[in-house]
Amino acid sequence: MVTLKIPVASEDVPQPSRAAPELVAPEPEHCPGPESQQAGKMDACAGCPNQQICATAPKGPDPDIPLVQARMATIAHKILILSGKGGVGKSTFTSMLAYAFSQSPTTQVGVCDIDICGPSIPRMMGAENESIHSSSSGWSPVYVADNLGVMSIQFMLPNQDDAIIWRGPKKNGLIKQFLKDVEWGDLDFLLIDTPPGTSDEHLSINSYLKGSGVDGAVVVTTPQEISLLDVRKEIDFCRKAGIKVLGIVENMSGFVCPNCEGESQIFHATTGGGRALATEISVPFLGAVPLDPRIGIACDYGESFFDAYPESPACEGLMNIIRGLRGQMGLPPSQDGAEEMDES
Amino acid sequence: MLENVKHVVLVLSGKGGVGKSSVTVQLALTLARAGKKVGVLDIDLTGPNIPRMLNVEEKKVHQAPGGWIPVKVGDSDSTGDGMGSIECMSLGFLLRDRGDSVVWRGPKKTAMVRQFLTDVLWGDVDYLLVDTPPGTSDEHISLAEQLRSVSPDGAVVVTTPQAISTADVRKELNFCKKVGLDILGVIENMSGFVCPHCSTCTNVFSSGGGAAMAEQFGVDFFGAVPIDPAFNLMLERQKETTDGVELLQRYRESKLCPVFEGIMEKLLAKTEKVVANGSGCG
């Protein structure tokens, strides 16, 4: 049996964000992180050109955190959209949630896309060719509606197809800027779309927002066990990081043929799907959204599926989920937007 | 590093959930059915799916004096009927519990990728397929750097048809160009779903985007793979089946088997043509 000494424990997780010292060389393998309490003192640090810098750097708190807190202070609710598994519909769900929340003209919504390598949100919200305006008061989000602002690295790329080949620390730096330099203003909801996995982006967003407080995370999955396997790990991460899991959403849950309306399963829930997982690990199950090809098309063209097909089973599923989500956040079940939709 | 491995093929995407692991497994099955000895290296450290797909989730990795022994797929010793074999390595085998999260920053991931490349005793493997996580970050940068010395054959890039996927996969193609990794071909996965009730094909995730992208980038298009829920069910039900039929044989019944045979032919035409030229037998 291999007794492999892999550091499976997530010792970086509960640490508050500390000031990062100025490094003179790239971080070595097994680096504990320059902001860590152990920076410069671990075995892996021996021989690293930064060792002295890390060991002697002041261990005070990160001076950027108060700036993040100041920006976040005007935001009533912050929701992380996580998965662990790629391609389950985090960004799609985030954009649909954003459109749904912003139905009411008095509700201010922001979407922060921290998927640095695969930033999908701008395209889904029809803002792919926009760029960010910067002023003395900070970066302005791209407004796709009067009450819906978006921030993503995609807006900063000179060429849409440019690969962003960044290691962790650089990604973390940009995420921090999204939180402290963007002029979000007074928001009712800030939705934070994340990449798949449990890595730098997730650790960073957690540590940067620790002081400001996050309402919690919505975890998206598809019904099959191969997704649930990764989602279990994501929820394990949430527990270790102290992030409340507001609930699980099962996406691509069943397919209705547009020709014969026969129902079939594309992603079979051989182990009970999201609902069974939610029961197994004691988190709320918020609901299911069926697979509708029109959703993908709407996302490709940057249209709001929510506005185009409000009577569809997918939208019905989404509204149920929103009701459940609002309940988990301690908000009243209906908002102006839902009532307006019913009347129309 | 990887001295006894003849060909190294990366399976990349850029976009998550397009079926990199599914494609890796099917390429492995198809190559093994053609008599090749295949290794599968799963470097998706935070979401390792390969062990479950190959029904070796319960297995553990054993250590030998020279390094770690990859996990063998299937019970038989294979080659009796002209079939090759599959062995694999994944972080999934090393976790204490399948629900444990692996929450690592970049440098630890880089170190693990290095260990997987240098410390695993692959033996005489014809094809080492490397399944990767989505993105263009630490794992991909490390892999590209560390594999440079063994001159990998290149990358098979997987996408689904819709624009939201090809947008990310284009970035991956640019990544390959930047790091000098040959793009062997593009596979368009989840390309159409045939309704089991009325046999109408619906393009659930649109259609044609992968082929168009390949043409635009001037890279080969290996083919479109339809959605086939039966394949995933076949993988999921391996645990329950008691007929003793191995996945390698059972895969023959899948509708996707002929699709991947076609893809494999195109792959071999590129990877083995190079070898043939090199030996002067071209």
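From a predicted model like this one, the values you see are computed outputs, not experimental measurements. Chain A is the first sequence line, chain B the second, and so forth, proteins listed ahead of strands; every chain is numbered from 1.
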Worksheet item: chain B heavy atoms under 4.5 Å from A/Pro195: which part of the residue, side chain, backbone, both or neither?
Response: neither
Worksheet item: With a 4.5 angstrom heavy-atom cut-off, which part of A/Thr271 approaches chain B: side chain, backbone, both or neither?
Response: side chain
Fill in: Heavy-atom proximity to chain B below 4.5 Å, by part of A/Ile165
both
Response to the item:
For B/Thr46 and A/Lys233 the tightest heavy-atom approach is O-CD, 3.5 Å
Fill in: Nearest non-hydrogen partners of A/Trp166 and B/Ile141, listed with the distance
C-CD1, 4.1 Å
Worksheet item: Is A/Asp162 reaching over with its side chain to a backbone N or O of B/Lys171, donor-acceptor style, under 3.5 angstrom?
Response: no
Response to the item:
When the 4.5 angstrom heavy-atom criterion is applied to A/Gln224 and chain B, the contacting part is neither
Fill in: Top contributor to chain A contacts, counting heavy-atom pairs under 4.5 Å, from B/Lys177, B/Arg114, B/Lys20
B/Arg114
Fill in: Which portion of B/Pro134 sits near chain A, non-hydrogen atoms under 4.5 angstrom
side chain
Response to the item:
Honestly, the part of B/Ser13 sitting under 4.5 Å from a heavy atom of chain A is neither
Worksheet entry | Residue B/Asp228 versus chain A: region with a heavy atom under 4.5 Å | neither
Discussion item. Which atoms of A/Leu228 are under 4.5 Å from chain B, going by heavy atoms: the side chain, the backbone, both sets, or neither?
Written reply: neither
Worksheet entry | Donor-acceptor contact below 3.5 Å, side chain B/His197 vs main chain A/Cys260 | no
Worksheet item: Between B/Phe205 and chain A, which part of the residue has a heavy atom less than 4.5 Å away: side chain, backbone, both or neither?
Response: side chain
Discussion item. Looking at B/Trp104, is its backbone amide N or carbonyl O close enough to the side chain of A/Ser199 to form a donor-acceptor pair, meaning the two atoms are under 3.5 Å apart?
Written reply: yes
Discussion item. Restricting to non-hydrogen atoms, name the atom on B/Val102 and the atom on A/Thr198 that form the minimum distance, rounded to 0.1 Å.
Written reply: O-OG1, 2.7 Å
Fill in: Aromatic plane relationship, B/Phe193 with A/Phe255 - under 30° parallel, 30 to 60° tilted, over 60° perpendicular
perpendicular
Worksheet item: Relative to chain A, which segment of B/Glu57 carries a heavy atom at a distance below 4.5 Å: side chain, backbone, both, or neither?
Response: side chain
Discussion item. So that I can tick it off, tell me whether A/Glu225 and B/Arg98 are bridged by a salt bridge, with the cut-off set at under 4.0 angstrom between side-chain N and carboxylate O.
Written reply: yes
Discussion item. Taking side chain as everything from C-beta outward and backbone as N, CA, C, O, which of these in A/Lys171 sits under 4.5 Å from a heavy atom of chain B? Side chain, backbone, both or neither.
Written reply: side chain
Discussion item. For the backbone of A/Asp161 and the side chain of B/Asn174, can you confirm whether one donor and one acceptor N or O come within less than 3.5 Å of each other?
Written reply: yes
Item to complete: Under 4.5 Å heavy-atom distance to chain A, tell me which part of B/Leu233 shows up: side chain, backbone, both or neither.
Response: side chain
Worksheet entry | Side chain, backbone, both or neither of B/Arg237 within contact of chain A (heavy atoms, under 4.5 Å) | neither
Practice prompt. Could you give me the CA-CA distance, side-chain angles and deciding distance for A/Arg232 and B/Ser101, then say whether side chain to side chain donor-acceptor pair (under 3.5 Å) is met?
Written response: CA-CA 8 Å; A/Arg232 258 189 209 91; B/Ser101 58; over 6 Å; no
Worksheet item: Using non-hydrogen atoms only, which part of B/Val18 is less than 4.5 Å away from chain A: side chain, backbone, both, or neither?
Response: neither
Item to complete: Side chain from CB out, backbone as N, CA, C, O: work out which of these in B/Thr200 comes under 4.5 Å of a heavy atom of chain A, or both, or neither.
Response: side chain
Fill in: Donor-acceptor pair, side chain of A/Asp300 and main chain of B/Gln162, under 3.5 angstrom
no
Worksheet item: Given a strict heavy-atom distance threshold of 4.5 Å, which part of A/Asp200 is in contact with chain B: side chain, backbone, both, or neither?
Response: both
